[in-house]
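A, B, ... follow the sequence lines: proteins, then strands. Residue 1 opens every chain.
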Amino acid sequence: MCETAINFPQAMEKTELYDYDCILLDLMLPGGDGLKILEALRENKKQDGVVIISAKGSLDDKIKGLKIGADDYLTKPFHLPELAARIFSVIRRKSFDNTNVIIHHELEINILAKKVVVNRLLVSLTKKEFDLLLYFISNKNRVISKNALAEHILGDIADMLENYDIVYAHIKNLKKKLADAGCGNYLKTVYGSGYKWDV
Amino acid sequence: MGRMIRLLDKSFKVFMWYAGIVLTCSIPAYYAIVDYIWQTELKEHNTIVSEEIKNNLQSQNFSDSVLNKSVALWNQLQPSSHLREVTELKSDSTYNIYRKNNFSKKEERFQGLTSYFQLKGKKFALSVETNMEESHETILGLALVSLIFFVLLLIGLIILNRRLSDKIWQPFNSSIKTIQEFDLNRHDLPVFEETDIVEFETLNTRLEHLIKANINSFEQQKQFVENASHELQTPLAVIQSKLDLFLQEAALSKRQSEIIDQAQNALGKANRINRNMLLLAKIENNHFEDREWIDLKELLQENLEMMNSFIEAKRLSVALSCSGITKIKTNSTLLEILLSNLLTNAIRYSKENSKIDIQVSGHYLVISNPGTQALKQEHLFQRFGRVNNETPATGLGLAIIHQVCLQFKWDITYAFEACQHKFSVNFS
């Protein structure tokens, strides 16, 4: 279930009344500072996951938000798959009691150990490949654009990309390693504009 | 623009020309006066002498033979006067002649008077001559004196000129210095030295007004850029999300998803430009005030690690050499931005299989990478100076580097040597 609060008092009321798996918190709410909601949540010892979304991108703002108790901080503008991946990560941490293993058909991903097992066979992935796999799993059945992928795995230095060859290379390797281990082909190319983890 | 001269030198030149002309003109004038006075005096002198001679002669009672003898003797002994018998009496006349002197063999100038008188029924003409200064000697003397005075005038004026330019123009020079030191990027209003000269005071007040207005509009501009980029972020985010959502539509045709892809690319560039503009504005507005000790070497290594996939993709080799104490106290965010921008540029503009050289010696960093042609210095650090549509470059990378260097008064230079682009930063 997903609920929306359109201003500060509404947000306060809802967070006091209910427990949520994950709250997307915009810092600039009509009627008040979003950080106040976060402070109130943590004072009441509530364990709701919180992802802050803000136009303020400076390091200070991020540190301040994370210190008060946000689980993640996303600066506008961002790609939706990126947001999905962050939410997925927050919810997983809150609800699986830190078991940290995602099982998906023959695929088993241990997030803490950063290990991937297919049919009980260990697949050795690089850090970037592991990162990509997790990103795809978090965005099951959604088309992810090349832009979003590049920004996810490269961060700010995606600026310097002249083409997406590097991203393609990582995806190709990941696909090949999974296929070699006997994993089904879930990762589909969508018309050359993006990728989709299809299940 | 021709040769530059100082203001006082200009007036000095004119003055000297004028003095020269006046002194030259004075030479004939002096000569005329001196010669006139002299001639008049000598004429008077000759008259007195000749009157005395005449009186003396007339008062003597010479016999004819004695008179003749005396006249002959007179003419022999007295060089400056001459007596001779004439047939008729004329009125007195004066003359001025040049002739050779018997002894000095030199042309001498004489002022003479010839007067006529009767003595014992005989008619005599008496010429009295006095040596007078030759006119060319007078002129030479006067010219010499004029020259001496001209030189004195020259020396005096040069000395005065120097003193004056130092003293009188001191407030002006001080104002110029203040303006030269003024930097729009720093927020301090220049303070002009007080002066009791009306013109300079007016100049200073006007300059102060002008600079104040300048600072204000610069502040407003900086604030505007920051606010504008900030406000743009939310709509850009909305477009981004909508495009991502649109991509999820099941019935998208190939053509449609290509259009979305192109829109995403353009949007990505808009996002980057906006982010960089915001960053520039934030640096300008002093948002990065924290200082801490950072090791250049470590930071460079971290950055290279992050860019490893790009370095590998282009098969570049990177040589990092460090010497000396490489720690500096500065803002970590800005230093990281500076280094990553410099490295990014070096990687982006290097051909495959080439070598990037990074040298840190103490607080001096040089990053060089091979290139074919020198970059144009004039637009190098300007915003959007070299932006083109084919690369994802925002045209703000070097402007950001430049702004960071300005902020900390670091010295950044670019050189193209031996087919190498060299960016050097002096952090001290």
Side-chain angles (χ1 to χ4, degrees), chain A residues 24 26-28 53-63 74-84 126-129 139-151 153-170 173 189-196, chain B residues 230-245 247-249 252-262 264-265 267-272 274-276 278-279 282 287-288 290 303 306-307 309-310 312-313 332-333 337 340-341 343-345 347-348 390-394 397:
Chain A
L24 292 185
D26 195 316
L27 288 189
M28 277 183 268
I53 300 166
S54 169
K56 289 184 192 168
S58 81
L59 198 63
D60 285 349
D61 295 319
K62 279 187 191 173
I63 291 171
L74 205 50
T75 310
K76 289 181 191 175
F78 49 80
H79 284 279
L80 278 187
E82 187 64 42
L83 178 64
T126 64
K127 191 176 166 295
K128 288 239 155 66
E129 288 157 4
N139 282 285
K140 268 180 276 183
N141 292 325
R142 282 193 212 109
V143 181
I144 304 171
S145 69
K146 285 175 286 184
N147 274 296
L149 271 173
E151 264 171 49
I153 58 169
L154 300 169
D156 282 345
I157 48 171
D159 287 20
M160 65 191 283
L161 283 183
E162 265 145 74
N163 52 51
Y164 293 119
D165 289 353
I166 294 174
V167 183
Y168 296 145
H170 286 303
N173 288 341
T189 311
V190 185
Y191 287 136
S193 71
Y195 292 89
K196 186 175 177 182
Chain B
H230 203 80
E231 290 303 319
L232 270 174
Q233 278 185 320
T234 304
L236 283 171
V238 172
I239 300 172
Q240 183 90 76
S241 321
K242 298 296 168 195
L243 281 177
D244 284 333
L245 280 177
L247 206 57
Q248 311 307 322
E249 293 288 317
L252 279 186
S253 70
K254 186 167 188 245
R255 177 85 190 114
Q256 283 166 333
S257 62
E258 271 169 10
I259 291 173
I260 296 174
D261 187 46
Q262 286 157 4
Q264 290 255 28
N265 281 338
L267 184 63
K269 187 163 178 175
N271 279 338
R272 285 191 288 272
N274 196 52
R275 205 161 52 216
N276 283 338
L278 187 59
L279 175 64
K282 279 183 172 173
H287 283 284
F288 300 93
D290 298 343
N303 268 289
M306 269 201 308
M307 295 172 186
S309 43
F310 293 97
E312 278 172 5
S332 60
T333 315
I337 287 166
S340 90
N341 276 8
L343 291 176
T344 306
N345 273 344
I347 294 169
R348 180 189 289 153
E390 276 145 43
T391 69
T394 58

(message) Show the nearest heavy-atom pair for residues L245(B) and L80(A), with the distance to one decimal.
(response) CG-CD1, 3.3 Å
Between [atom1] of [X] and [atom2] of [Y], what distance do you get to the nearest 0.5 Å?
X: L247(B); Y: K196(A); atom1: CG; atom2: NZ; value: 9.5 Å
X: L83(A); Y: S241(B); atom1: CG; atom2: OG; value: 8.0 Å
X: H230(B); Y: M28(A); atom1: NE2; atom2: CE; value: 4.0 Å
X: N139(A); Y: Q248(B); atom1: CG; atom2: CD; value: 8.0 Å

(request) State, with a plain yes or no, whether a side-chain heavy atom of K146(A) is found less than 4.5 Å away from one of Q264(B). (result) no
(message) Do D244(B) and P81(A) make a side-chain contact, defined as non-hydrogen atoms from C-beta onward lying under 4.5 Å apart?
(response) yes
(request) Could you tell me which portion of K128(A) (side chain, backbone, both or neither) has an atom closer than 4.5 angstrom to a non-hydrogen atom of chain B? (result) side chain
(request) Could you tell me which portion of N265(B) (side chain, backbone, both or neither) has an atom closer than 4.5 angstrom to a non-hydrogen atom of chain A? (result) both
(request) Go through the atoms of T234(B) and report whether side chain, backbone, both or neither lie under 4.5 Å from a heavy atom of chain A. (result) both
(message) Looking only at heavy atoms and a cut-off of under 4.5 Å, which of E258(B), Q240(B), E231(B) has the most pairs with chain A?
(response) Q240(B)
(request) Could you pull out all residues at least two apart from D26(A) that satisfy salt bridge (Lys or Arg N to Asp or Glu O under 4.0 Å)? (result) K76(A)
